[in-house]
Amino acid sequence: MQWGLHAVVRAVSRPATGSEVSERTVRVTVWGENLHEREEPAVQAIYPDGMHSAIAAGLTESLGGRVEVRTATLEQPEHGLTQDVLDATDVLTWWGHKAHEQVADEVVARVQQAVLGGMGLLVLHSGHYSKIFRALLGTPCDLRWRNDGERELVWTVEPSHPIAAGVPNPIEIEAQEMYGEPFAIPRPDELIFISSFAGGEVFRGGCTWVRGAGRIFYFSPGDQEYPVYHHPDVRRVLANGVLWAAPRLRSAPAGSPESAVGWWK
């Protein structure tokens, strides 16, 4: 998908007001490893076109013309995340699991700079162990887990937050991998959702942070063995997250030139 130069310049060059963020088209890149779906028949049966395609379809279904969505995967050159792609991306979603270490460090650094400069980032499920999430948060992001297909209830604890808009409380997910505390993350700027599981654990599964000019939203439901990204309420959360994370400002995060007196004139 090609995006117009005018839209790119407007998004990158100047701040956007709250109304502009909600009204202009948000350009989303949905990134996924696309390994389980190609290697495991059970996962392929749930996501025949890949989890990234299901996530992209959910965003388009929920937001219509408010978004332009493209996908990128691990096997593409530069993992599909060239500088040109990132420059033309308002929000990046990230799903990874079994190949975190295969993501090139130079691509991680490029994504990190884009986030610091204002690009939004949604990190999904086992993306908590991704290089980019750990680099931005600066902690190990360890957690407890068990994959017994337990019921998960996703409780809204900040109902006034835009990411929770139109979301039932709780969201019921019939079967899902358990993630439990302690979760080795820095204190979230905002805690929006807490999950509880049939085995008794709870988990801070919906958290936000700001790094530089970029907004980050972590949302935990989404193990590859379950059809979570077909769940309408999960799709609504991701759509809300994209709109919330859309940049208010895109700028160079660091290394700006020396500033002369009176530059602002």
Check whether any side-chain heavy atom of [X] lies under 4.5 Å from a side-chain heavy atom of [Y], and answer yes or no.
X	Y	answer
P162	L243	no
P140	R134	no
V234	I173	yes
W95	S126	yes
V67	V91	no
D90	R24	yes
D223	Y179	no
R211	L137	yes

Report the distance from atom [atom1] of [X] to atom [atom2] of [Y], rounding to the nearest 0.5 Å.
X	Y	atom1	atom2	result
H100	L74	NE2	CG	11.0 Å
L63	R236	CG	CZ	6.0 Å
L86	T29	CG	OG1	7.0 Å
W31	L122	CH2	CG	15.0 Å
L81	Q76	CG	CD	8.0 Å
Q44	Q224	CD	CD	14.0 Å

Can you name the nearest heavy-atom pair linking [X] to [Y], along with the distance?
X	Y	result
L59	V242	CD2-CG2, 3.9 Å
A239	S62	CB-CB, 3.6 Å
T139	A184	OG1-O, 2.9 Å
G241	I163	CA-CG1, 4.0 Å
V228	Q176	CG2-OE1, 3.4 Å
V154	N169	O-OD1, 4.2 Å

Using the side-chain hydrogen bond (donor to acceptor under 3.5 Å, both in side chains) rule, take E158 and T156 through it: C-alpha gap first, then chi angles, then the decisive distance, then the call. CA-CA 6 Å; E158 189 54 71; T156 301; over 6 Å; no

Is the [X] ring parallel, tilted or perpendicular to the [Y] ring (thresholds 30°, 60°)?
X	Y	value
F203	F183	tilted
Y229	Y47	tilted
F219	F217	parallel

Indicate yes or no for a side-chain donor-acceptor contact from [X] to the backbone of [Y] under 3.5 Å, with no hydrogens or angles considered.
X	Y	answer
R248	A246	yes
H79	A104	yes
Y226	E177	no
E78	V107	no

With a 6.0 Å cut-off (strictly less than), is the heavy-atom count around CZ of R38, excluding the residue itself, greater than 12? yes

Should we say atom CD of E174 is surrounded by more than 12 heavy atoms from elsewhere, each under 6.0 Å from it?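 Check fails, neighbour count at 12 or below.
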
Give the C-alpha distance, both sets of side-chain angles, the deciding distance and a yes or no for side-chain contact (heavy atoms from CB on, under 4.5 Å) between L153 and E172. CA-CA 5 Å; L153 297 178; E172 182 175 1; 3.8 Å; yes

Show, in sequence, the C-alpha distance, side-chain angles and deciding distance for H97 and H125, and conclude whether the side-chain contact (heavy atoms from CB on, under 4.5 Å) test is met. CA-CA 8 Å; H97 181 212; H125 191 57; over 6 Å; no

Same cluster or not: I185 versus V157, using hydrophobic residues (I, L, V, M, F, W, Y) connected whenever any side-chain heavy atoms lie under 4.5 Å apart?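 Per the 4.5 Å side-chain linkage, I185 and V157 are not co-clustered.
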
Cluster link V103 to L116, ILVMFWY, side chain under 4.5 Å: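 Yes; L116 is reachable from V103 via cluster members.
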
Residue that, paired with K98, satisfies salt bridge (charged side-chain N to carboxylate O under 4.0 Å, His left out) out of E33, E39, E37: E39

Kindly say whether the aromatic ring centers of F133 and W209 come within a distance under 6.0 Å. yes

Contacts table for residues 189-202: side-chain donor-acceptor under 3.5 angstrom, sequence neighbours left out:
| unit_1 | atom_1 | unit_2 | atom_2 | d |
| --- | --- | --- | --- | --- |
| D189 | OD2 | V210 | N | 2.8 |
| E190 | OE1 | H161 | NE2 | 3.0 |
| E190 | OE1 | T208 | OG1 | 2.6 |
| E190 | OE2 | H161 | NE2 | 3.3 |
| S195 | OG | E152 | OE2 | 2.5 |
| S196 | OG | W155 | NE1 | 2.9 |
| E201 | OE1 | R146 | NH2 | 2.9 |
| E201 | OE2 | R146 | NH1 | 2.9 |
| E201 | OE2 | R146 | NH2 | 3.4 |

Test R70 against V85 for side-chain contact (heavy atoms from CB on, under 4.5 Å), laying out the working first. CA-CA 10 Å; R70 71 195 303 167; V85 167; 4.0 Å; yes

Looking at E106 and K131, is there a salt bridge between them, counting it only when a charged N and a carboxylate O are closer than 4.0 Å? no

Using the rule given for side-chain contact (heavy atoms from CB on, under 4.5 Å), can you reason through D148 versus M178, listing the C-alpha separation, both sets of side-chain angles and the distance that settles it, and then say yes or no? CA-CA 7 Å; D148 287 344; M178 186 281 294; over 6 Å; no

